[in-house]
Amino acid sequence: MYSKIAVPVDLAHVEHLGKALKTAADLARHYGAPVCYVGATTETPGPLGHTPAEYQAKLDAFAKAESARHGIDAGARAIVCLDPTIDMDRHLVEAFEAENADLIVMASHIPGVMDHFISSNAAWIASHTDHSVFIVR
């Protein structure tokens, strides 16, 4: 049913992604689909890399570790955003389309009062793509 699964990841907060990562791995094994972990970085140096290439290397290592841990085929794609707080969602959707992903599995928080005014990343992506989106809380 699904031929490629995309999972947006924030390497700075991997400890909050466990349920979504396990869900994606379970679905990947069930459907025999590869997983692409997509992460966002900036051109400027940050705690996860001094350059986009350095960030890509860390994301590749993460994908390799997830592949070994769950027994799945996995890869990684780093996207570069000028300002992730403003344009990350749009870049994520473009990356999902470029990867030909037909399922997006992503973590989200439990909605609160602010979500009535500003949508979460998961809500924005679900409403701005034709892909199936599995939101994991």
Side-chain angles (χ1 to χ4, degrees):
M1 177 180 246
Y2 298 110
S3 60
K4 188 152 193 191
I5 300 170
V7 182
V9 295
D10 182 348
L11 293 180
H13 300 286
V14 172
E15 67 277 5
H16 300 293
L17 303 177
K19 194 172 179 183
L21 295 173
K22 184 172 181 343
T23 299
D26 289 347
L27 289 166
R29 277 193 309 277
H30 180 77
Y31 290 109
V35 175
C36 179
Y37 298 101
V38 182
T41 189
T42 63
E43 290 282 350
T44 57
L48 294 172
H50 294 91
T51 64
E54 190 176 318
Y55 177 81
Q56 177 71 57
K58 288 185 179 184
L59 193 59
D60 288 338
F62 173 81
K64 185 176 180 180
E66 287 296 296
S67 176
R69 179 182 356 240
H70 298 290
I72 59 173
D73 179 18
R77 175 187 278 263
I79 55 174
V80 179
C81 304
L82 291 176
D83 184 353
T85 59
I86 294 173
D87 60 354
M88 180 178 62
D89 294 338
R90 180 178 51 82
H91 286 294
L92 283 172
V93 169
E94 291 170 0
F96 301 150
E97 290 172 359
E99 287 293 327
N100 293 317
D102 51 2
L103 175 64
I104 301 161
V105 177
M106 61 188 305
S108 188
H109 61 281
I110 296 172
V113 173
M114 287 306 295
D115 292 298
H116 294 286
F117 303 103
I118 302 171
S119 68
S120 68
N121 297 87
W124 191 93
I125 288 170
S127 65
H128 286 83
T129 185
D130 294 334
H131 304 292
S132 295
V133 180
F134 190 138
I135 300 171
V136 181
R137 291 193 178 132

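Small disclaimer: the values here were computed from a predicted structure and weren't measured.
If you take CZ on F96 and CD1 on I125, they are separated by 4.5 Å, rounding to the nearest 0.5 Å. E97 contributes atom CD, which lies 11.5 Å from atom CG of L92 (distance to the nearest 0.5 angstrom). Atom OG1 of T44 is separated from atom CG of L82 by 9.5 Å, given to the nearest 0.5 angstrom. The line from CG of D10 to CE of M88 is 7.5 Å long, rounded to the nearest 0.5 Å. Annotation: the span from Y37 atom OH to D60 atom CG amounts to 12.5 Å, rounded to 0.5 Å.
Put simply, the side chain of V9 does not reach to within 4.5 Å of the side chain of V38, judged on heavy atoms. E15 places a side-chain heavy atom less than 4.5 Å from the side chain of H13. Contact check for F134 versus I104: no side-chain heavy atoms found under the 4.5 Å cut-off. A heavy-atom distance below 4.5 Å is found between the side chains of L27 and V105. A heavy-atom distance below 4.5 Å is not found between the side chains of Y31 and L103. Counting heavy atoms from C-beta outward, R90 and V93 have side chains that stay 4.5 Å or more apart.
Both M1 and V35 belong to a single network of hydrophobic side chains, linked directly or stepwise wherever heavy atoms of I, L, V, M, F, W or Y lie under 4.5 Å apart. I5 is connected to V14 through a chain of hydrophobic side-chain contacts under 4.5 Å among Ile, Leu, Val, Met, Phe, Trp and Tyr, so both are in one cluster.
Other residues, nucleotides and ligands place more than 12 heavy atoms under 6.0 Å from the CG atom of D83. Counting heavy-atom neighbours within 6.0 Å of H16 NE2, excluding the residue itself, gives a total above 12.
Side chain of H131 to backbone of A101: a donor-acceptor contact under 3.5 angstrom is found.
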Residue pair D87, D89: steps toward the side chain to side chain contact (heavy atoms under 4.5 Å, CB included) verdict: CA-CA 6 Å; D87 60 354; D89 294 338; over 6 Å; no

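Screening K22, M106, K19 for a side chain to side chain contact (heavy atoms under 4.5 Å, CB included) involving V136 leaves a single residue, K19.
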Under 3.5 Å, which donor-acceptor pairs do the side chains of residues 61-79 form with other protein atoms, sequence neighbours left out?
residue	atom	partner	partner atom	Å
E66	OE1	H70	NE2	3.2
E66	OE2	R69	NE	3.1
E66	OE2	R69	NH2	2.8
S67	OG	I72	O	2.4
R77	NE	E99	OE2	2.7
R77	NH2	E99	OE2	3.2

